[in-house]
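Beneath this line is the structure, given in structure tokens, with notes to follow.
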Amino acid sequence: MAHYTPKKIAGGVAGGALLMIGAAGAFGAAAGLPQTADADPIATTHTVGDNEVLAQWFDEGDASFVSVANLQGTFAFNQEGVTPNDELFNVFGAALTSMCSKPASELIDTEGGVANFYVNVGGNVKKNFTIDVRDLAEDASQETMMACSCATGSPFGQAAVMGVPLAAVVGMADLEDGVNTVTAYGADGFGQPLPLRYALEKNALLVYQVNGEELAAATGSSLQLWMPETVARYFTRDIVNIELTQEAQEPDVQQMDPCYRNKINIMNYADDCVFNAGDEITFEGVADDLGSPIAAIEFSFDNGRTWTTCDTDGATADKWVNWQFTTSFDEAGDYRMTVRAKTADDVVSPLAATLEFHVA
């Protein structure tokens with residue numbers, strides 16, 4: 001079996017590290033042979049709220065590449081793998097701001113920092129207090145795999161996080177009547193208000209460990225707020241204050257920009273890679289919709305005329321889908337693979353992923 005050389009190798013076993021542009025770990029049981037999709041129009045549209053999103057594929061008349069209709073192969077997927085911390089923090093923002101702010105290296109910014117998990121709790125509470133979240137860890141700590149994704153851009157990642165549920169801290173507060181909003185403020189004053197009920201329903205975590213590494217900060221607390229199926233702008237860092245307030249109207253929760261729903265990436269790259277006709281070639285990648293489960297990954301090798309559909313039955317919305325498709329080609333020439341994902345609510349990836357490669 002032939003594999004493309006990945007841009008970066010982060011791990012080679014199930015549950016090992018996985019970059020958004022890196023190498024996949026081992027995969028679980030195969031999902032069975034893919035099924036050929038009915039021919040789709042070259043352009044697909046879907047509507048999200050008031051937005052109509054066009055998923056535009058390549059010109060079906062493009063003769064630059066060898067065209068293979070309804071290509072079959074073997075398919076497997078899991079929901080494992082993590083984005084290494086240096087890559088995660090570089091992609092998702094500076095240490096003292098939300099996950100999707102301007103890029104910076106948290107590991108450099110916090111070099112020489114200390115682990116500090118104190119947070120002040122105030123607002124419309126009968127008595128303000130300060131808590132060291134580590135005091136709650138023995139009884140309330142939770143560990144989970146969680147995806148994070150930008151609302152208005154392409155970056156997305158996944159991490160194994162450990163923390164204390166926000167609910168455990170809220171439960172210690174003697175709330176005044178009508179409290180409906182929670183805001184976690186970072187050491188720089190950044191904070192995004194959330195409906196309290198939403199944060200509790202999503203089991204928001206005050207995270208103190210990411211991918212097995214205890215967090216440290218140059219100033220203030222080291223805590224981070226993480227929530228499944230929630231855009232990363234709410235993933236506040238270095239939390240020093242939690243305000244529980246009564247607002248005239250609950251704040252709206254920002255949703256994913258429809259143009260960036262159902263993101264998909266190909267992990268392989270074809271630079272300096274040539275394969276022989278008949279070789280088995282494995283393509284790898286990840287997909288995530290942040291809210292709706294990925295229902296299928298689809299592949300086209302004929303500029304979108306036909307699509308090979310590979311179901312991802314059982315995939316959940318809180319984690320990405322880590323996929324693998326293995327096939328071979330009988331004819332020498334230049335090829336282009338286009339990959340898209342479909343969600344349980346029938347949204348097609350607005351931005352397809354493509355890979356060009358050569359078979360000798």
Report the residues that fulfil ring-ring contact (aromatic ring centres under 6.0 Å, His included) with Tyr335, sequence neighbours left out, ordered by chain and then residue number.
->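 Expected list: Phe329, Phe357.
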How long is the span from the CG atom in Asn116 to the OG atom in Ser221, to the nearest 0.5 Å?
->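 The OG atom of Ser221 is 5.0 Å from CG of Asn116, to the nearest 0.5 Å.
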Which distance, rounded to the nearest 0.5 Å, do you find between the CG of Leu200 and the CG of Leu166?
->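 Answer rounded to 0.5 Å: 6.0 Å.
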May I ask you to check whether [X] and [Y] show a side-chain donor-acceptor distance below 3.5 Å?
X	Y	result
Asn262	Asp289	no
Ser222	Arg237	no
Asp302	Ser300	yes
Gln192	Thr236	no
Glu243	Thr245	no
Thr326	Thr282	yes
Thr230	Lys202	no

Which atom pairs, donor and acceptor, lie under 3.5 Å between side-chain atoms of residues 137-144 and protein residues at least two apart or in another chain?
{"residue": "Ser141", "atom": "OG", "partner": "Tyr208", "partner atom": "OH", "Å": "2.7"}
{"residue": "Gln142", "atom": "OE1", "partner": "Asn203", "partner atom": "ND2", "Å": "2.8"}

Checking Tyr234 side chain against Gln254 main chain: does a donor-acceptor pair fall under 3.5 Å?
->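 Yes: the side chain of Tyr234 pairs with the backbone of Gln254.
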Any donor-acceptor pair under 3.5 Å linking the side chain of Asp311 with the backbone of Asp313?
->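 Flag not set: sc Asp311 to bb Asp313 has no pair under 3.5 Å.
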Contacts of type side-chain contact (heavy atoms from CB on, under 4.5 Å), residue Ala147, not counting sequence neighbours = Gln158, Asp288
Taking side-chain contact (heavy atoms from CB on, under 4.5 Å) as the test, write out the residues that go with Asp345, two or more places apart.
-> Arg261, Ser292, Thr343, Val347
Can you find a pair of side-chain heavy atoms, one from Phe117 and one from Leu223, that are under 4.5 Å apart?
-> yes
Side-chain heavy-atom pair Asn276, Val359 within 4.5 angstrom cut-off | no
From CA spacing to verdict: side chain to side chain donor-acceptor pair (under 3.5 Å), Glu298, Thr309 = CA-CA 4 Å; Glu298 297 192 327; Thr309 299; 2.6 Å; yes
Which atom pairs, one a donor and one an acceptor, fall under 3.5 Å between side chains of residues 167-177 and the rest of the protein, sequence neighbours left out?
none

State which residues pass side chain to side chain donor-acceptor pair (under 3.5 Å) with Glu250; sequence neighbours excluded, sorted by chain then number.
->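 Residues passing side chain to side chain donor-acceptor pair (under 3.5 Å) with Glu250: Arg197.
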Counting only heavy atoms not in Tyr118, do more than 12 fall under 6.0 Å of its OH?
->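 Atom OH in Tyr118 is not packed in, count stays at 12 or less.
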How far apart are the closest heavy atoms of Tyr198 and Glu229, and which atoms are they?
-> OH-O, 3.6 Å
How about Phe77 and Trp320: are their ring centroids closer than 6.0 Å?
-> no
Would Phe190 and Tyr185 count as a close aromatic pair, with their ring centres under 6.0 Å?
->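 Between Tyr185 and Phe190, which both carry aromatic rings, the centre distance is not below 6.0 Å.
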May I ask you to decide if the ring planes of Trp226 and Phe235 are parallel, tilted or perpendicular, using 30° and 60° as cut-offs?
->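 Ring orientation of Trp226 relative to Phe235: tilted.
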